[in-house]
Amino acid sequence: MKLKLALSALLPLLIFHPPALAAEAPSLPAPVLADRNPVSLLPGDLKGSMKFRDDTESTPPATGIWSKDGILRVENFARPKFADHVSGNWIFRQPAKRGDVVLARFFARAEYAKQESGEAAFEFIVRQDQPTYVPHVKLPLTAGPDWALLEIPFVIQRDVNPDQVLVQLAFGTIPQAVQIAGFELLNFGDRAKLSELPQTRFTYKGREEGAAWRAAALERIEKYRTAPIAVRVIDAAGKPVPDARVEVRLKRPAFLWATSVDSGFLLDDTPDASKYRETLLEMFDTATIENGFKWPKWSGSVAIREEALRASDWIQAQGLRQRGHTLTWPGDKFSPSRIATMPAPREGLSLLVQEHIRDLMTATKGRIWGWDVVNEMIHERDYFEFMPETEVAEWFKVARQTDPHTKLFINDYGMLNSRKSPDTIASYLKIVNGLLAAGAPIDVMGVQGHVGRQVRNPEDVLKDLDLLAGPGLELQITEFDINTADEELQADYTRDFLIALYSHPSVSGFTKWGFWERRHWKRDAAMFRTDWSEKPNAKIWRDLVRGEWLTKADLKTDAEGKLTTRGHLGDYEFNVTANGKSLRQMRTLNKGGTQLTLQFP
């Protein structure tokens, strides 16, 4: 059991700095522990074989081709029912004994992957086919756009003869194109310990303590996110009150710190639901209903519609801000069936979209601080087979007319998370600039920020944000998560990503896409485990968002009844106590600072 747990957590504990992208197959590093006489379990059979099972509507479902330079390229055109329905397979050509220590290593990279992090997803499996099924190891893997060396040590679970064990890379997870190179499987027998073998551990440049980029970012936070506060306390006669106690509390930051929520669970009457609500109020000041406002649910079920509105009422009653997600999502699979099945040329489609926008925004008017008017326009293109992109400008105009006081977002993914981010940003900017030219009243460019195991260096994230700031609109990170079981990497990168984005003057908000493991679309990305124990990334959030950046100070006035301090921008509460009397006042701190005189009656 201990071995199984160690193996299940192995790959996400991946130290890896990606090499420069190479068109040819990269070469494996020097032999590992060569003096221990490892035995290759796959001599002369490095190309293996491919398996395809056509259980999708796509024909062909996938391709797998070995190139002359030894690269295996596998592409899924759709999502098979099971991962091993598209796979590369090898067979042991040497015997192995129970307890033998084995090292698998190979290079992998993704040409593309149709998921928000941009990482390909596949599985590494070693299992006994004969005489009975016995798993030796099964691990989920990911690959980004750069070649990554994956090194996976494991232990043989029972004696096996040649041709009895299947080694498999299973690619049938999502539509994607993956490349594999340099496959090697070495058996060290009892001549090496598992702990002696290398295993990949992902990291990133700028993670180290004292990194220069972080010091510069913290200086920018002080410059852009804080302002001076000057308080003067006087008595009824106008004389200064020395030694008056002044409690300074930032009650609502100007910057949005948000999360998505499950509207149904938010309303449940269970201990976990109660803890869910308590944690939401403790950790965040803004909430986004994750699914209840999406068009198919809103128009397809009266019960879901009413549930979403009740959840929205509860959020509003707690004094939290709300961002609405999403008015339109121009892909057929994200649309009501009556839209997806409209015959070409889909006359009236844009008018139906506008009608839906009016319906949903009218029902929620007064509740929603900002709306995602259109979601993932770069990637979901079904609607634009029947209309020009600039028609989306009319949707923004209808949204503005329906609720003039809500901020209007465009939202998309594939940015801030990989080497390919600048290319996606260029596509995004082309769309945004085209819509602005067509008169779309866009207020905010939303950037989803989903991150996988191979994270992008913070300095490069800042460069990406500079590119996104080109049109001069507000930027918000709208759907952030880090999907890795490496909790140390997850916490460190959460810290550095938060510091980077908060330091950028164009960014005005940040939304985590969920926080509890049982109500999270990527369980490893949560801040709280199923039993509500906190992960290290939750502590980072507490220390920064609910700690250092949520100004709280207890101060005393000097002999002239004055005090000065600095605070993060937002709405403040000032409580003053002197000579047995108390006084309370609210004030907004903006970039120009604030000077406040408090007079006891």
Side-chain angles (χ1 to χ4, degrees), residues 10-32 42 46-48 50 62-76 86-88 90 103-115 117-124 139-153 167-171 173-186 197-207 414 416-424 451-457 459-461 464 482-484 486 489 493:
L10 186 62
L11 187 70
L13 300 177
L14 292 174
I15 282 186
F16 169 71
H17 291 286
L21 182 62
E24 69 280 357
S27 299
L28 287 170
V32 177
L42 305 174
L46 296 184
K47 286 194 173 182
M50 291 298 303
T63 64
I65 301 173
W66 283 98
S67 66
K68 292 182 180 179
D69 54 1
I71 296 177
L72 170 63
R73 181 184 186 277
V74 180
E75 182 171 13
N76 292 339
V86 177
S87 62
W90 295 261
L103 175 67
R105 61 180 189 162
F106 54 90
F107 285 95
R109 81 175 186 94
E111 290 183 20
Y112 75 86
K114 197 166 184 182
Q115 68 167 338
S117 69
E119 287 188 326
F122 55 107
E123 294 179 350
F124 173 71
L139 290 174
L141 309 180
T142 63
D146 296 300
W147 284 113
L149 174 62
L150 304 182
E151 296 184 303
I152 307 165
V167 182
Q168 190 172 65
L169 292 177
F171 301 98
T173 55
I174 56 176
Q176 60 186 352
V178 190
Q179 293 185 8
I180 303 294
F183 199 91
E184 184 175 68
L185 203 63
L186 300 176
L197 296 180
Q199 66 182 53
T200 311
R201 184 180 177 90
F202 286 114
T203 190
Y204 57 92
K205 181 182 177 182
R207 184 179 182 180
L416 312 184
N417 58 6
S418 82
R419 178 185 54 80
K420 292 185 177 180
S421 293
D423 293 337
T424 308
V451 180
R453 293 183 175 97
Q454 296 184 39
V455 300
R456 185 154 170 79
N457 300 338
E459 286 183 286
D460 291 331
V461 169
D464 294 340
I482 307 176
N483 185 33
T484 177
D486 183 345
L489 173 66
Y493 196 70

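Every heavy atom of this structure was used, including side-chain atoms; hydrogens, water molecules and symmetry mates were not. Numbers for residues simply follow the sequence, beginning at 1.
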J.: Are the side chains of Ile180 and Ile71 in touch, meaning some heavy atoms are under 4.5 Å apart?
T.: no
J.: Tell me every residue that passes side chain to side chain contact (heavy atoms under 4.5 Å, CB included) with Pro198, counting only those two or more places apart in sequence or in another chain.
T.: Val32, Leu103, Glu151
J.: Mind checking whether Leu150 and Phe107 have side chains closer than 4.5 Å, heavy atoms only?
T.: no
J.: Thinking salt bridges, do Arg109 and Asp146 make one under a 4.0 Å N-O criterion?
T.: no
J.: Are a donor atom and an acceptor atom from the side chains of Glu75 and Tyr112 found within less than 3.5 Å of each other?
T.: yes
J.: From Thr142 OG1 over to Glu123 CD, what is the distance, rounded to the nearest 0.5 angstrom?
T.: 12.5 Å
J.: Determine yes or no for a side-chain-to-main-chain donor-acceptor pair under 3.5 angstrom, with Asn457 supplying the side chain and Asp460 the backbone.
T.: no
J.: Do the side chains of Phe106 and Leu169 get nearer than 4.5 Å, heavy atoms only?
T.: yes
J.: Do Leu28 and Glu184 come close enough that some side-chain heavy atom pair is under 4.5 Å?
T.: yes
J.: Mind listing the closest non-hydrogen atom pair of Ile174 and Asn76 along with its distance?
T.: O-ND2, 3.0 Å
J.: Begin with the C-alpha distance, continue with both residues' side-chain angles, and end with the deciding distance and a verdict on side-chain contact (heavy atoms from CB on, under 4.5 Å) for Trp147 and Gln179.
T.: CA-CA 9 Å; Trp147 284 113; Gln179 293 185 8; 3.4 Å; yes
J.: Just how far is it from atom OG1 of Thr200 to atom CG of Leu149, taken to the nearest 0.5 Å?
T.: 5.5 Å
J.: I need the minimum non-hydrogen distance between Val178 and Ala120, along with the two atoms involved.
T.: CG2-CB, 3.7 Å
J.: Please test Thr63 against Met50 for side-chain contact (heavy atoms from CB on, under 4.5 Å), starting from the C-alpha separation and ending with a verdict.
T.: CA-CA 9 Å; Thr63 64; Met50 291 298 303; over 6 Å; no
J.: Quick one: does Leu185's side chain get under 4.5 Å of Val167's, heavy atoms only?
T.: yes
J.: If you compare all heavy atoms of Gly452 against all heavy atoms of Ser117, which two are closest, and at what distance to 0.1 Å?
T.: N-CB, 3.8 Å
J.: Just by distance, do the side chain of Gln176 and the backbone of Ala121 share a donor-acceptor pair under 3.5 Å?
T.: yes
J.: Nearest 0.5 Å, what's the CG-CD1 distance between Asn417 and Ile482?
T.: 11.0 Å
J.: Roughly how far, to the nearest 0.5 Å, is OH of Tyr204 from OH of Tyr493?
T.: 7.5 Å
J.: At their closest point, which heavy atom of Arg73 faces which heavy atom of Ala177, and how far apart are they?
T.: NH2-CB, 3.8 Å
J.: Mind checking whether Leu489 and Arg207 have side chains closer than 4.5 Å, heavy atoms only?
T.: yes
J.: Sequence neighbours left out, what passes salt bridge (Lys or Arg N to Asp or Glu O under 4.0 Å) with Glu459? Give chain and number order.
T.: none
J.: Tell me the closest heavy-atom pair linking Gly88 and Phe171, and the distance in Å.
T.: N-CE1, 3.9 Å
J.: Of all heavy-atom pairs between Pro140 and Arg453, which one has the smallest distance, and what is that distance?
T.: CG-NH2, 4.2 Å
J.: Could you list the residues that satisfy side chain to side chain contact (heavy atoms under 4.5 Å, CB included) with Asp464, not counting sequence neighbours?
T.: Leu416, Ser421, Pro422, Ile425, Arg456
J.: Less than 4.5 Å apart, side chain to side chain, heavy atoms only: is that true for Ile152 and Leu141?
T.: yes
J.: Could you check Thr173 against Gln115 for side-chain contact (heavy atoms from CB on, under 4.5 Å), going step by step and ending with a plain yes or no?
T.: CA-CA 11 Å; Thr173 55; Gln115 68 167 338; over 6 Å; no
